[in-house]
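I have placed the structure first, in the form of structure tokens, so that the comments after it can refer back to it.
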There are 2 protein chains.
Amino acid sequence: MKNISQRMSSHKAGELVKDPTTLVETYPKVPLTVDCVLFGFEENVLKVLLIRSDLQVFDGLWSLLGDNVLDNEELDDAANRILKERTGMDDIYLEQVRSFSHPARHPGGRVITVAYCSLINIQHHQLKILDHELHWHEVQSLTKMAFDHFEILTYCNQWLQKRIQEHPLGFNLLPVKFSMRELQNLYEAILNHQLDRRNFRKKFASMGLLIDVNEIEDNVPHRPGKLYKFNFEKYEKNKRNWIGIDF
Amino acid sequence: MKNISQRMSSHKAGELVKDPTTLVETYPKVPLTVDCVLFGFEENVLKVLLIRSDLQVFDGLWSLLGDNVLDNEELDDAANRILKERTGMDDIYLEQVRSFSHPARHPGGRVITVAYCSLINIQHHQLKILDHELHWHEVQSLTKMAFDHFEILTYCNQWLQKRIQEHPLGFNLLPVKFSMRELQNLYEAILNHQLDRRNFRKKFASMGLLIDVNEIEDNVPHRPGKLYKFNFEKYEKNKRNWIGIDF
DNA sequence: GCAAAAGTGTTGTGAATACACCCATGG
DNA sequence: CCATGGGTGTATTCACAACACTTTTGC
């Protein structure tokens with residue numbers, strides 16, 4: 001396969017390429033997939049939606065939800081399509097994380113994949129995941145998966161840990177109305193770290209991004225907590241710009 | 001082109017795929033390139049290394065340094081290869097940023113590209129860039145480029161702004177020995193923001209990651225500043241783990 | 001009244017900010 | 001001696017961390 005130096009020497013320096021289509025036809029082509037890491041939160045545990053691998057070499061192992069990218073399909077669209085096919089939902093938080101390209105990552109030959117993270121509220125789509133091949137798995141309990149999917153999951157989990165500290169992603173995993181306790185449980189589960197309850201509440205109170213909906217928890221065997229929803233509009237308006245060296 | 005539902009219906013549910021190679025052969029294939037955003041720093045200005053596009057439709061426009069990914073080549077390797085071909089250097093800071101996949105981003109048809117950022121010290125490789133098609137361009141002065149490269153550059157520039165505040169990347173753009181003034185100029189150029197000189201020095205002093213090499217600047221028309229080098233070993237040992245909500 | 005979690009305030013410490021003067025060097 | 005930028009210190013403000021008691025509800 002030609003690399004750029006060889007191609008460049010095939011036409012005179014300074015001479016312009018008139019037919020880009022012919023040029024592109026000389027490029028090697030690779031099979032490209034998107035793998036979605038669908039995170040959810042249930043019973044105070046961070047979970048990920050997995051499917052049993054249908055490859056015999058990975059017999060019994062779990063894999064991420066992936067599919068090949070279609071002709072002329074944007075990667076974002078491919079990820080949204082997979083999400084829709086699996087959960088029936090659209091308008092879901094979804095973000096590209098990174099590409100994985102180890103030549104031997106797929107037993108069927110060279111396949112490059114682009115990992116996407118999505119955070120979904122498990123309550124909101126329980127209907128579609130009755131398919132017995134799909135399963136919400138505790139993130140912490142996984143060690144081995146099909147392909148390089150464990151590596152991808154680990155990377156996305158770290159990405160999520162960092163991301164959730166700087167952006168209000170967590171609210172996508174919670175019900176629209178949630179208690180402070182639920183919010184804190186979510187952060188503790190994702191960060192895998194205990195947080196001081198008073199300081200946590202103080203922090204969110206001082207941000208002024210939670211709206212008290214004047215409702216309280218129901219059916220709890222103790223004093224019910226107040227419910228809040230997140231003020232996405234205010235957040236979008238006041239997004240801060242970071243200046244500050246910190247490492 | 002088949003998507004996953006169609007493929008899945010072509011073999012019985014529960015039946016395992018025995019020949020992954022045949023499966024992969026059914027995947028659509030796309031031309032894949034890597035584009036390197038090579039940042040440099042000179043005359044207190046952030047620059048990027050560009051080449052004149054050799055496509056006629058982009059006549060006169062500048063483009064990033066890119067090349068197609070070779071068969072069985074890792075993306076990281078492709079990026080390093082391009083870097084080596086263009087600057088003659090290896091062991092350079094290089095990181096994958098994200099993929100760009102708009103179907104019409106390349107006039108020759110569907111080409112997906114993965115953007116990499118690299119930070120290089122302009123002084124260290126002046127020899128190889130005498131090629132008249134290569135040029136260090138001020139990042140701030142660019143508005144229009146070939147392909148979607150202006151979009152990629154803008155994205156990478158923002159990525160760099162964030163990254164440099166949390167990781168000691170900046171030192172890759174400076175000479176091994178540098179003055180506090182040079183360091184601050186670099187940060188101000190990248191962040192596009194003035195910083196208080198005393199607080200900047202205090203911050204870096206308190207981190208304890210700068211080694212005083214007991215040398216001073218030369219040939220400056222004023223009191224010469226002390227020179228430092230960055231203590232990469234100490235940084236690697238003490239890398240901090242972030243816990244803290246901030247948005 | 002007991003268990004269980006909600007709700008709340010203060011204090012200390014360290015970091016970021018704002019700000020002004022003297023010093024060393026070259027010309 | 002003058003111009004230029006190097007080098008330093010302090011006071012204030014703010015954010016974070018640590019920490020304990022009272023309140024409300026279900027049972």
Side-chain angles (χ1 to χ4, degrees), chain A residues 43-44 162 164-166 168 174-175 177-189 191 193-229 238 240-247, chain B residues 43-45 161-162 164-166 168 174-175 177-189 191 193-229 238 240-247:
Chain A
E43 296 158 356
N44 292 340
K162 178 161 173 49
I164 202 178
Q165 294 182 56
E166 300 179 355
L174 292 174
K177 301 169 183 176
F178 51 86
S179 67
M180 277 292 190
R181 167 57 52 191
E182 286 175 290
L183 184 59
Q184 185 175 345
N185 284 342
L186 173 65
Y187 271 86
E188 290 181 345
L191 298 178
H193 197 277
Q194 297 297 110
L195 301 168
D196 181 87
R197 191 164 54 95
R198 283 162 294 189
N199 293 335
F200 182 86
R201 298 163 90 97
K202 216 183 312 169
K203 177 68 188 174
F204 272 95
S206 75
M207 290 193 288
L209 293 172
L210 297 184
I211 300 170
D212 184 340
V213 295
N214 286 314
E215 291 178 54
I216 57 172
E217 287 178 302
D218 207 3
N219 285 325
V220 285
H222 55 76
R223 174 173 176 179
K226 296 168 90 169
L227 297 182
Y228 299 88
K229 56 182 185 179
N238 304 351
R240 52 193 282 194
N241 262 356
W242 278 91
I243 299 286
I245 294 139
D246 244 326
F247 54 84
Chain B
E43 296 158 355
N44 291 341
V45 170
Q161 289 183 335
K162 179 162 172 46
I164 202 179
Q165 295 183 55
E166 300 179 356
L174 293 173
K177 301 170 184 178
F178 52 86
S179 67
M180 276 290 190
R181 166 58 51 191
E182 287 175 289
L183 184 59
Q184 185 174 343
N185 285 342
L186 172 65
Y187 270 87
E188 290 181 345
L191 298 179
H193 198 278
Q194 297 297 109
L195 301 169
D196 182 88
R197 190 166 55 96
R198 282 161 294 186
N199 293 335
F200 183 86
R201 298 163 91 95
K202 215 183 312 169
K203 177 68 189 174
F204 272 96
S206 75
M207 290 193 288
L209 293 172
L210 298 184
I211 300 170
D212 185 340
V213 295
N214 286 315
E215 292 179 52
I216 56 173
E217 288 178 301
D218 206 3
N219 285 325
V220 286
H222 55 77
R223 175 174 174 180
K226 296 168 89 167
L227 298 182
Y228 298 89
K229 57 182 184 180
N238 304 351
R240 53 194 280 194
N241 262 356
W242 278 93
I243 299 284
I245 294 139
D246 244 325
F247 53 82

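Because the structure is predicted, anything quoted here is derived from the model rather than measured. Note on naming: letters A, B, ... go to the chains in the order of the sequence lines (proteins, then strands), and numbering restarts at 1 for each one.
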### Task
For B:Asp246 and for B:Ser179, find the nucleotide of DNA chain D with the closest heavy atom, then tell me which residue's nucleotide is more 5'.
B:Ser179

### Query
Given atom CD of B:Glu182 and atom P of D:dG5, what is their separation to the nearest angstrom?
14 Å

### Message
If only side-chain N and O atoms count, and only distance matters, is there a donor-acceptor pair under 3.5 Å linking B:Gln161 with B:Gln165?
### Response
no

#### Entry: Approximate separation, where rounding is to 0.5 Å, of A:Asn214 CG and A:Leu227 CG
10.0 Å

### Query
Is the shortest side-chain N to carboxylate O distance from B:Glu188 to B:Arg197 below 4.0 Å?
no

### Between P of C:dA6 and CG of A:Leu210, the distance in whole Å
15 Å

### Query
Pick the nucleotide of DNA chain C nearest each of A:Arg181 and A:Ile245; which residue has the one closer to the 5' end?
A:Arg181

### Integer-rounded Å distance: C:dA4 P and A:Met180 CE
24 Å

#### Entry: Residue-level proximity of residues 215-227 of chain A to DNA chain D when a heavy atom falls under 4.0 Å
A:Val220, A:Pro221, A:His222, A:Arg223, A:Pro224

### Task
Would you jot down, in residue-number order, the residues of residues 194-206 of chain B having a non-hydrogen atom under 4.0 Å from DNA chain D?
B:Arg197, B:Arg198, B:Arg201, B:Lys202

### Query
Counting distance only, does the side-chain N/O of A:Tyr187 pair as donor-acceptor with the main-chain N or O of A:Ile164 below 3.5 Å?
yes

### Message
Would the distance check show the side chain of B:Glu166 and the main-chain N or O of A:Phe247 forming a donor-acceptor pair, the cut-off being under 3.5 Å?
### Response
no

### Task
Give me the ring orientation class for A:Phe178 and A:Tyr228: parallel if the planes are under 30° apart, tilted from 30 to 60°, perpendicular past 60°.
tilted

### Query
Salt bridge between B:Glu215 and B:Lys226, side-chain N to carboxylate O under 4.0 Å?
no

## Note on the structure
Applying side-chain hydrogen bond (donor to acceptor under 3.5 Å, both in side chains) to A:Glu182 and not counting sequence neighbours gives A:Ser179

